[in-house]
Q: 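After the structure tokens below, expect a handful of questions from me.
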There are 2 protein chains.
Amino acid sequence: MPDRDTKATVRNITDLARLAGVSPGTVSRALAGKSLVNTQTREKIQRLAREHGFRPNQMASGLRRQKTGVIGVVIPLGHDSRQQISDSFFMTLLGFLADELTRHGYDLMLRRVVPETDADWLDRFIGSGMIDGVIVIGQSDQFDRIEEVADGYTPMVVWGNHAEGQRHCVVGSDNRLGGRLAAERLIAAGARRIAFLGDTTAIEFAARLAGAQDVAARMGLPPVLALPTHLSPDRASEEIAGHLAAHAGEIDGIFAATDTLAALCLTELRRQEIAVPDTVRLVGFDDLPIARQTVPPLTTVRQDIAAGARGLVDLLLRRLAGETTESLVLPPELVVRETA
Amino acid sequence: MPDRDTKATVRNITDLARLAGVSPGTVSRALAGKSLVNTQTREKIQRLAREHGFRPNQMASGLRRQKTGVIGVVIPLGHDSRQQISDSFFMTLLGFLADELTRHGYDLMLRRVVPETDADWLDRFIGSGMIDGVIVIGQSDQFDRIEEVADGYTPMVVWGNHAEGQRHCVVGSDNRLGGRLAAERLIAAGARRIAFLGDTTAIEFAARLAGAQDVAARMGLPPVLALPTHLSPDRASEEIAGHLAAHAGEIDGIFAATDTLAALCLTELRRQEIAVPDTVRLVGFDDLPIARQTVPPLTTVRQDIAAGARGLVDLLLRRLAGETTESLVLPPELVVRETA
DNA sequence: AGGAATCTTGCAAACGTTTGCAAATGACGT
DNA sequence: ACGTCATTTGCAAACGTTTGCAAGATTCCT
């Protein structure tokens, strides 16, 4: 730390300009690394900035340039407020998103909202002027709201389910196909009477169930039994226990909407001393790290979270550049382990 | 949507002022809900704003008021780049932080940084002018850097370990005490030769190990064997397998720095057909949801994540208000299940 | 009625950058 | 010596808010 220079603190570009003996404009250009400014003066200015630990104020810059370098990421806690707090799928996706955005020089502003208590959660975020674009993680039960907004606001990409003819740009797995894969595996492992564990007001989950129904119908089996289950671990455990008690002996295959749910279900099955996969077969969804660690290890349908994050960011950036982009549907993949 | 009013889009406060027939200043005051403006005009302006979906630009507001309403949250990926991406402890903490900050009307700006490749990660964030304060999640191996910054920048709170006489304000569990609890339990369950699984360049983990050493020494047992282990699941599995192979028969108790590590260790023990807790006792740390779901369920040391998040936000807000605050050390709690 | 006190409003100057435009400087060719 | 051209700089006007100050309007008191 040079002592004699530190006496004057440099608060803004003008201070630095005075110090360097040039005008603020020149400093701005020098710091931005523009070629219009003489190499020597530019280096001098940059050195001075470094010595004084000065960085241009992003707010002011953002205001002037009408772009902030920040992407908003919003997680709607729609159907089940306490849901995602523990859902490692969303959190892992968030982690990858953060990395991917940083890689492209963007910052990430995170917001969790409860649409029920706050109708214009999305407009407020967009209208704040703080973000250049927005990524919505999970449609929850807000499909219509998102569609409306998409009509007037382009730089938005959503993680979720793709429906024919929808207007907002979405990235997500082919949930229906995933559901089919799961059901096919359950049946191949000997199941005839399948149940689905999950909250179907979330359309991703509804699509997974629909996929399973496709297969059941095609194979001439009775329709899949939908057992509504919340995602928060505390409630889920009880609910699953209840479901199992109510339908004991009746069902011989379970498709859980999520690995988290599947793991919970597995411990419950163990508690009730129901043999897996001999008496009941079980398939999860996501292929989270936990799927390898259950006993026995969980057969599941894999979503490539990293690819999802890359897709979200890539599409958003293209939209920011003015392109119009199609949705991106990723293929899920069956991972056979030992529960089915 | 009223049609005749929507013809003119309202881009800023001045547009709205023209529409309402008042000056921009009045609009600003009306939207801020200040009492200085006549009730009727205020309501008229607010109605107009609602009808046109207008919201004041946060960048401009932030610039003028010299505060942004945004808190930065930074996760240094120090000793092990790929670490926290899957570490549900940090992610859960982040979730609670988001909720807690929203509750106080703040937004959250998330940044993950790699200090090795980017020496002034912290100054850059602070100097950006985008955030009113910063929460650092995990000291990683950046203790000194954080200390330096703390000298010149008050609105910062750090999640991590507390050391005697440190200058930055920290919130975290008493890791050393937690380590003691873990070791005591292992010994009570019959262990005599204890190993520690974790990367001790992270000072939180070092403190946990130190706590365990305290107990070993006090009880006249051989010192705890430190087995360096990375946190990323792929590397960890191999490393744990290697450790177990190298010290088979030698150790009869394992203290894992993290539940994630403990779960991994448990599956590895099962693979090597080592009986838990009969041959080897195991204690984890954190009490993440996974701890209830392992087979057998994991004995662990609980950290109250929600309380941690509340503490971080509370202290930061007090510091923003000008108070000087002490660090907050939370008591960990032993949760006895079946692995020790 | 006159003056003080209270409410409301408008004016204009910030906040710290960026950038189009024009001016200054110097090099170079004729 | 003059004009042309390229390079480097400065000027000043934005970007959209907020807010101290003062002025205008209204009420109230004596």
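Because the structure is predicted, anything quoted here is derived from the model rather than measured. Order of the sequence lines sets the chain letters (A, B, ...), proteins ahead of strands, with each chain counted from 1.
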Q: Can you list everything that forms a salt bridge (Lys or Arg N to Asp or Glu O under 4.0 Å) with A:R145? Sequence neighbours excluded, please.
A: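 For A:R145, the residues satisfying salt bridge (Lys or Arg N to Asp or Glu O under 4.0 Å) (neighbours in sequence not counted) are A:D123, A:E148.
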Q: What residues, two or more places apart in sequence or in another chain, satisfy side-chain hydrogen bond (donor to acceptor under 3.5 Å, both in side chains) together with B:T154?
A: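 Partners of B:T154 under the side-chain hydrogen bond (donor to acceptor under 3.5 Å, both in side chains) test: none.
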Q: Does the B:D132 side chain pair with the main chain of B:T68, one donor and one acceptor, at a distance under 3.5 Å?
A: yes
Q: Using the salt bridge (Lys or Arg N to Asp or Glu O under 4.0 Å) criterion, which residues pair with B:E147? Sequence neighbours excluded.
A: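 B:E147: salt bridge (Lys or Arg N to Asp or Glu O under 4.0 Å) contacts with B:R167.
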Q: Once salt bridge (Lys or Arg N to Asp or Glu O under 4.0 Å) is applied, what residue pairs with a partner in residues 12-21 of chain B remain, sequence neighbours excluded?
A: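 Residue pairs with at least one partner in residues 12-21 of chain B: B:D15-B:R18.
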Q: Within the structure provided, determine whether B:L315 and B:C169 are in side-chain contact (heavy-atom separation under 4.5 Å).
A: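 The answer is yes; the side chains approach within 4.5 Å.
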Q: Using the C1' atoms of the five pairs at each end, what is the angle between the end axes of the helix from C:dA1-D:dT30 to C:dT30-D:dA1, to 10°?
A: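 The two end axes of the helix from C:dA1-D:dT30 to C:dT30-D:dA1 meet at 50°.
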Q: Could you measure the distance from the CE atom of A:M156 to the CG atom of A:L320? Nearest 0.5 Å is fine.
A: 12.5 Å
Q: Can you sort out the partners of A:D314 under salt bridge (Lys or Arg N to Asp or Glu O under 4.0 Å), two or more places apart, ordered by chain and number?
A: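 Applying salt bridge (Lys or Arg N to Asp or Glu O under 4.0 Å) to A:D314 gives A:R318.
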Q: Quick one, which residues of residues 22-30 of chain B touch DNA chain D with a heavy atom under 4.0 Å?
A: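 Close to the strand are B:G25, B:S28, B:R29.
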Q: Taking side-chain hydrogen bond (donor to acceptor under 3.5 Å, both in side chains) as the definition, give me every residue that meets it alongside A:Q58, ordered by chain and number, with sequence neighbours left out.
A: none
Q: Taking ring-ring contact (aromatic ring centres under 6.0 Å, His included) as the cut-off, I'd like each qualifying pair that reaches into residues 136-161 of chain B, sequence neighbours left out, listed once.
A: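 Of all non-adjacent pairs touching residues 136-161 of chain B, those that pass ring-ring contact (aromatic ring centres under 6.0 Å, His included) are B:F89-B:W159, B:F143-B:H168.
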Q: Using a strict threshold of under 4.0 Å (side-chain N to carboxylate O), is an ion pair present between A:R47 and A:E51?
A: yes
Q: Grab the CZ-P distance between A:R42 and D:dT9 for me, whole Å please.
A: 10 Å
Q: Going by salt bridge (Lys or Arg N to Asp or Glu O under 4.0 Å), name the residues that satisfy it together with B:R50, two or more places apart in sequence or in a different chain.
A: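 B:R50 satisfies salt bridge (Lys or Arg N to Asp or Glu O under 4.0 Å) with no residue once adjacent residues are dropped.
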Q: Does anyone know the first and last nucleotide of DNA chain C in reach of chain B, 5' to 3', at under 4.0 angstrom to a heavy atom?
A: C:dT8 to C:dG16
Q: Which residues in residues 59-68 of chain B have a heavy atom closer than 4.0 Å to any atom of DNA chain C?
A: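 Going residue by residue through residues 59-68 of chain B, the ones with a heavy atom under 4.0 Å of DNA chain C turn out to be B:L63, B:R64, B:Q66.
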